[in-house]
Amino acid sequence: MKRILAPAFIASFLTFPVLAEDINRYSLEKTADGYVRMDKQSGEMSICKEAGGQLVCRLAADERAAYEATTTGLAKRLDILEQKVTALEGGGIKLTDALPSDEEFDKTLSMMERFMRRFMGVVKELEGEEAIPQKT
């Protein structure tokens with residue numbers, strides 16, 4: 001029985017500093033209209049009022065403006081990224097636009113055909129020159 005209680009006691013003892021740290025993270029100061037809560041880690045200030053037996057806190061005006069500016073900036077960036085994704089997924093180049101027309105294909109094929117005929121003619125000429133013995 002002692003072996004079972006010892007780990008539980010040690011675990012609860014180790015979690016106590018974490019709970020104490022959370023308790024000491026905020027400080028409340030009474031004002032005429034309610035309370036001001038300060039987060040000692042981040043420096044955020046909140047204005048708190050009692051409502052229905054509970055303490056309801058809202059961010060201070062300066063922090064709220066900074067929060068909204070950040071949110072607006074992130075929303076704009078998200079819109080730009082969504083437009084890019086849409087363009088890449090379906091609004092960009094279509095496969096039919098990337099393929100040549102029949103006229104372009106025929107023109108390119110005839111150029112390749114002329115190239116091959118000339119190339120083969122040069123090869124035949126070179127083969128014929130090798131067959132003729134040269135005078136030294």
Does [X] have more than 12 heavy atoms from other residues, nucleotides or ligands lying within 6.0 Å of its [atom1]?
| X | atom1 | value |
| --- | --- | --- |
| Lys40 | NZ | yes |
| Lys124 | NZ | no |
| Asp79 | CG | yes |

Hey, is Arg25 close enough to Asp39 for a salt bridge, meaning N to O under 4.0 Å?
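Result for this pair is yes, salt bridge flagged.
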
So, are Glu103 and Lys107 salt-bridged, with charged N and O less than 4.0 Å apart?
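Salt bridge flag = no for Lys107 with Glu103.
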
Going by salt bridge (charged side-chain N to carboxylate O under 4.0 Å, His left out), name the residues that satisfy it together with Arg118, two or more places apart in sequence or in a different chain.
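Per chain and number, Arg118 pairs via salt bridge (charged side-chain N to carboxylate O under 4.0 Å, His left out) with no residue.
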
Clusters formed by hydrophobic residues whose side-chain heavy atoms approach within less than 4.5 Å: which one holds Phe119, and what are its other members?
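Result for Phe119 is Met120, Val123.
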
With ILVMFWY side chains joined below 4.5 Å, transitively, what does Phe105's cluster contain besides itself?
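When side chains under 4.5 Å apart are linked, the cluster holding Phe105 also contains Leu109.
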
Could you grab the distance from atom [atom1] of [X] to atom [atom2] of [Y], nearest 0.5 Å is fine?
| X | Y | atom1 | atom2 | value |
| --- | --- | --- | --- | --- |
| Glu29 | Thr31 | CD | OG1 | 9.5 Å |
| Met111 | Met116 | CE | CE | 16.0 Å |
| Ser46 | Tyr26 | OG | OH | 8.0 Å |
| Leu81 | Thr86 | CG | OG1 | 10.5 Å |

Any side-chain heavy-atom pair from Arg117 and Glu113 closer than 4.5 angstrom?
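Touching, per the 4.5 Å side-chain cut-off.
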
Any side-chain heavy atom of Arg37 within less than 4.5 Å of one from Ser27?
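Sidechains of Ser27 and Arg37: no contact.
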
Any sub-3.5 Å donor-acceptor pair from Gln83's side-chain atoms to Ile80's backbone N or O?
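Not a single qualifying donor-acceptor pair exists.
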
Under a 4.5 Å side-chain heavy-atom rule over Ile, Leu, Val, Met, Phe, Trp and Tyr, are Ile47 and Met45 clustered together?
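Hydrophobic grouping puts Ile47 apart from Met45.
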
Evaluate the criterion side-chain contact (heavy atoms from CB on, under 4.5 Å) for residue pair Leu55 and Leu28; output intermediate values, then yes/no.
CA-CA 11 Å; Leu55 197 60; Leu28 283 174; 3.9 Å; yes

Do Arg77 and Leu74 pass the side-chain contact (heavy atoms from CB on, under 4.5 Å) test, and can you show the C-alpha distance, the side-chain angles, and the key distance before you say yes or no?
CA-CA 5 Å; Arg77 289 178 59 195; Leu74 289 173; 4.1 Å; yes

